[in-house]
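The chains referred to below are lettered A, B, ... by the order of the sequence lines, with proteins before strands, and numbering in each begins at 1.
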2 protein chains.
Amino acid sequence: MPDSAIRPRKEFGKTIAADITHRLREEIIACGLAPGEPLRFDVLRERFGASFTTLREALTALAAEGLVDAQEQRGFRVAPVSRQDLVEVTDARVLIEVELIRRSIERGDDDWEIAVISTLHRLKRIEQRDPEHPLRDPEWKIAHRQFHQALVSACGSATLLAIRAELFDRAERYRHLSANFRPRPRDKAGEHQAIMQAAISRNADLAVQLIEAHIRSTSDNVATYAGHLLDTE
Amino acid sequence: MPDSAIRPRKEFGKTIAADITHRLREEIIACGLAPGEPLRFDVLRERFGASFTTLREALTALAAEGLVDAQEQRGFRVAPVSRQDLVEVTDARVLIEVELIRRSIERGDDDWEIAVISTLHRLKRIEQRDPEHPLRDPEWKIAHRQFHQALVSACGSATLLAIRAELFDRAERYRHLSANFRPRPRDKAGEHQAIMQAAISRNADLAVQLIEAHIRSTSDNVATYAGHLLDTE
DNA sequence: AACGGTATGATTTTCGAAAATATGGTTCTG
DNA sequence: CAGAACCATATTTTCGAAAATCATACCGTT
């Protein structure tokens with residue numbers, strides 16, 4: 001049956017609202033919608049082809065994730081960025097990710113090792129193919145996300161994984177913010193490789209040290225190259 | 001002007017949606033709506049006097065907080081409870097709350113000390129008044145929440161405070177779950193007093209130890225007295 | 001000119017009807 | 001009698017119009 005031709009757009013979820021939530025999230029993270037930008041319903045309605053109500057539901061969900069700022073009776077806007085927020089997100093990520101890496105290394109089984117190795121492999125393949133601007137490449141972004149996700153996936157706590165995922169998204173937005181101004185990506189491939197090896201060899205202390213450095217240096221990079229964008233508000 | 005007579009209900013927020021979100025959250029935490037219970041729009045519509053759309057927005061927000069479970073195309077239900085979830089929530093709370101207590105003790109100023117002392121004072125007053133079933137008393141619940149909030153309020157991270165608040169709510173629901181079966185509340189007053197003293201005297205290690213014990217013993221209590229409610233799903 | 005109040009237009013928020021989807025029961029078939 | 005296919009009903013999901021609210025410009029007064 002050609003029912004895919006009938007349904008308009010439901011790529012990521014069964015409901016339109018879930019779909020719009022996903023698309024809006026991606027656009028905000030990629031800074032296709034600038035931080036602080038007002039999200040007017042007329043504009044969104046045209047861009048996403050959904051009704052007021054459906055958009056409202058999506059914006060409410062994203063507000064709970066910290067990517068959208070709900071101003072009661074005065075609409076929504078993309079969550080603003082600031083040095084303070086960048087510091088907080090970085091800091092929270094270190095606290096949680098370090099703990100989850102430890103637990104994953106402690107509890108990870110064969111499937112976990114395979115997931116870590118294979119997601120890194122894919123990431124490297126994509127980087128070889130086009131080493132220039134990885135954040136511009138949607139495939140790289142997905143592979144990168146999946147590698148870091150795999151590292152902590154054996155921690156055993158869906159609750160903490162959900163919190164980690166939110167913080168990861170918020171941090172990714174800052175990376176995009178600085179991507180346009182950063183002269184050249186640093187040697188992430190090497191860092192990822194080292195983290196993988198530390199994890200697989202069950203060297204928790206080393207893995208933790210590398211992850212923390214990885215997160216903090218990314219954050220420092222943003223502060224250096226996008227600092228001028230963080231002072232407006 | 002008698003405009004309060006015109007407006008129907010907007011106690012907690014400027015919008016009806018924010019209001020409903022707040023009321024629904026309280027009911028779910030207090031187990032007025034049982035874990036796993038389906039949330040049908042007809043019923044909610046009658047109980048809260050709001051339209052489909054407004055209710056949907058509230059439910060979406062609560063789903064992001066982990067108090068509601070959204071089943072695409074099959075509506076919403078109160079988030080189910082389980083031993084696993086209780087363990088995860090307890091565990092995540094310890095991880096985060098311990099860190100925030102340390103930071104607050106490190107950074108807290110005079111105002112912080114005053115907030116800690118005064119919120120505890122109010123809590124004790126309420127307990128003296130009616131020492132029986134504190135969770136039944138809305139005032140006690142608010143005072144208890146505010147005391148624990150005050151303890152960590154000087155940590156300097158709005159991001160982590162928001163995460164902590166969500167976990168606190170989820171844990172409070174479990175406390176309510178066991179409240180009906182627990183024979184008698186243990187000596188919380190003494191525990192709170194000891195935590196306050198450790199914090200004010202800037203004894204971080206002791207405060208951390210007490211808080212962790214406080215959180216874990218509460219959780220153990222739930223597992224003991226409400227265990228039979230945690231196995232259904 | 002400065003200020004306060006008011007009308008006007010823009011925008012958000014809320015509503016209930018209509019469409020889409022799931023659920024449960026009934027019949028028909030092997 | 002088991003199981004698939006269908007229909008009828010219950011429920012969720014989506015829509016655009018209508019109400020409520022906010023922002024701005026205008027006017028009159030001091």
Cation-pi check, Arg56(A) onto Phe48(A) ring (under 6.0 Å, within 45° of axis) | no
Under 6.0 Å from the six-membered ring centre of Phe147(A) and within 45° of its axis: does the NZ or CZ of Arg122(A) meet both?
-> no
Between [atom2] on [N] and [atom1] on [X], what's the gap in Å once rounded to a whole number?
X        : N       : atom1 : atom2 : answer
Phe48(A) : dC15(D) : CZ    : P     : 14 Å
Phe76(B) : dT11(D) : CZ    : C1'   : 13 Å
Phe41(B) : dA20(C) : CZ    : C1'   : 14 Å
Leu55(A) : dT13(C) : CG    : C1'   : 13 Å
Asp42(B) : dT9(D)  : CG    : C1'   : 13 Å
Gln73(A) : dA23(D) : CD    : P     : 10 Å
Leu44(A) : dT13(C) : CG    : P     : 12 Å
Lys14(B) : dT11(C) : NZ    : C1'   : 15 Å

Counting any heavy atom closer than 4.0 Å, what does Glu57(A) reach on the DNA or RNA strands: base, sugar-phosphate only, or nothing?
-> nothing
For Leu39(A), report the nucleic acid contact type (base, sugar-phosphate, nothing); a contact means any heavy atom under 4.0 Å.
-> sugar-phosphate
Between Arg74(B) and dT23(C), does any side-chain N or O lie under 4.0 Å from OP1 or OP2?
-> yes
Looking only at side-chain N and O atoms, does Arg40(B) come under 4.0 Å of OP1 or OP2 in dA10(D)?
-> no
Minimum-distance nucleotide to [X] side chain [options: [options]]:
X        : options                   : answer
Arg45(B) : dG16(C), dT13(D), dC15(C) : dG16(C)
Thr53(B) : dT21(D), dT13(D), dG16(C) : dG16(C)
Thr54(A) : dT13(C), dC15(C), dC15(D) : dC15(D)

Arg23(B) bridged to Glu26(B) by N-O distance under 4.0 Å | no
Quick check: are there more than 12 heavy atoms from other residues, nucleotides or ligands sitting under 6.0 Å from CD of Glu72(B)?
-> yes
Identify, with sequence neighbours excluded, every residue that meets salt bridge (Lys or Arg N to Asp or Glu O under 4.0 Å) alongside Glu99(B).
-> Arg103(B)
Contacts of Glu65(A) that satisfy salt bridge (Lys or Arg N to Asp or Glu O under 4.0 Å) - sequence neighbours left out = Arg25(A)
From CD (Gln146(B)) to OG (Ser153(B)), nearest 0.5 Å | 11.0 Å
Which comes earlier along DNA chain D counting from the 5' end, the contact point of Phe52(A) or that of Gly75(B), where each point is its nearest nucleotide?
-> Gly75(B)
Compute the bend angle of the helix from dA1(C)-dT30(D) to dG30(C)-dC1(D) from the end axes (five pairs per end), rounded to 10°.
-> 10°
